[in-house]
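Structure, as structure tokens:
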Amino acid sequence: DAKTTQPPSMDCAEGRAANLPCNHSTISGNEYVYWYRQIHSQGPQYIIHGLKNNETNEMASLIITEDRKSSTLILPHATLRDTAVYYCIVRAQDSSYKLIFGSGTRLLVRP
Amino acid sequence: GAVVSQHPSRVICKSGTSVKIECRSLDFQATTMFWYRQFPKQSLMLMATSNEGSKATYEQGVEKDKFLINHASLTLSTLTVTSAHPEDSSFYICSAKTGQGADGYTFGSGTRLTVV
């Protein structure tokens, strides 16, 4: 499975954009990048996923570099409720479709 | 959207007893479900992949005789922690793949197991 590398922690001010980076330099051509977040003591929540093109939904935007070796999750207007651990995951290549979680980024949104 | 219900949300059991955790897909059929374990301040660790109608596939280092997984229907997978010990105390989370291709995965709300 392709590994991902994320900074252990970040913070941003409420109302500002939060940009969370992820490196996945060993990603294969048919592997998707998924982003999930986990608020304390809850199950992970799906945010967004993409393959090559940039993606946007009601929660966030996903920017994937042209070489696909890194991506950035953007929360355009962070709120206090966005404080969570954010996981960037590259889906396994084999048919098991396993999601293997890395250590994630702990995002703290400051008032 | 796809919903996965996990029950119970928290359980306390005595050392040596067994505990069953249920994971149900409420509005879709899940041929594949996943079980994770999470210790405090750590990431989720995949324990096993549960396949409907067949044996589960366990990750390396996970004892299959201790963590029994049954996926007898398209909407229910269960994880039984047998002969639980205090070191089994953890947050257990299930997940289901919601469709084909690049579809997402839906997670349950987790079960906090405390073995005393």
Side-chain angles (χ1 to χ4, degrees), chain A residues 1 3-9 22 27-53 55 57-60 62 64 68 73 84-108, chain B residues 1-7 9-10 21 23-26 30-51 54-60 62 89-114:
Chain A
D1 301 334
K3 287 189 175 180
T4 62
T5 304
Q6 299 177 252
S9 63
C22 179
I27 193 170
S28 297
N30 62 347
E31 288 184 305
Y32 287 77
V33 179
Y34 285 83
W35 282 83
Y36 283 80
R37 72 180 183 185
Q38 185 180 28
I39 296 170
H40 183 63
S41 294
Q42 296 182 25
Q45 176 190 22
Y46 168 79
I47 301 173
I48 200 167
H49 73 280
L51 181 63
K52 294 181 181 178
N53 300 322
E55 303 287 344
N57 62 20
E58 65 277 5
M59 288 183 69
L62 174 60
I64 302 174
R68 303 212 321 125
L73 177 74
V85 179
Y86 288 77
Y87 295 99
C88 167
I89 304 165
V90 173
R91 196 184 71 185
Q93 296 183 67
D94 60 29
S95 60
S96 67
Y97 299 111
K98 298 185 290 189
L99 286 182
I100 305 298
F101 285 76
S103 52
T105 295
R106 188 172 296 275
L107 175 67
L108 173 64
Chain B
V3 177
V4 168
S5 174
Q6 191 171 338
H7 178 81
S9 58
R10 56 181 68 230
I21 302 169
C23 181
R24 293 181 185 273
S25 58
L26 297 187
T31 56
T32 303
M33 290 185 175
F34 305 90
W35 287 96
Y36 294 83
R37 180 168 57 180
Q38 185 176 33
F39 292 109
K41 297 192 183 299
Q42 294 186 22
S43 184
L44 286 76
M45 185 195 79
L46 180 66
M47 298 174 68
T49 302
S50 169
N51 299 296
S54 64
K55 290 183 179 180
T57 304
Y58 290 81
E59 295 298 304
Q60 191 173 8
V62 178
S89 298
S90 187
F91 192 53
Y92 292 87
I93 307 169
C94 71
S95 169
K97 189 173 181 300
T98 57
Q100 298 298 318
D103 285 291
Y105 301 69
T106 298
F107 285 79
S109 54
T111 297
R112 174 78 56 192
L113 170 63
T114 303

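Proteins come first, then strands; the chains are lettered A, B, ... in the order of their sequence lines, and each starts at number 1.
Atom CD of A:Q38 and atom CD1 of B:I93 lie 5.0 Å apart (nearest 0.5 Å). The NZ atom of B:K41 lies 7.5 Å from the NE2 atom of A:H40; values are rounded to the nearest 0.5 Å.
Using a 4.5 Å heavy-atom cutoff, the side chains of B:L44 and A:P44 are in contact. Residues A:L99 and B:L46 fail the side-chain proximity criterion, which asks for heavy atoms closer than 4.5 Å.
Of the two parts of B:Q6, neither the backbone nor the side chain holds a non-hydrogen atom closer than 4.5 Å to a non-hydrogen atom of chain A. Contacts of A:Q45 with chain B are absent, with no heavy-atom separation under 4.5 Å from either backbone or side chain.
For B:S43 against A:S103, the heavy-atom pair with the smallest separation is CB-CA, 4.2 Å. Scanning both residues, A:K98 and B:F34, for their nearest heavy atoms gives CA-CE2, 3.9 Å.
In this structure, B:Y36 has its ring center at least 6.0 angstrom away from the ring center of A:Y87.
Checked against B:Y105 for a ring-ring contact (aromatic ring centres under 6.0 Å, His included), the options A:Y46, A:W35, A:Y34 give a single hit: A:Y34.
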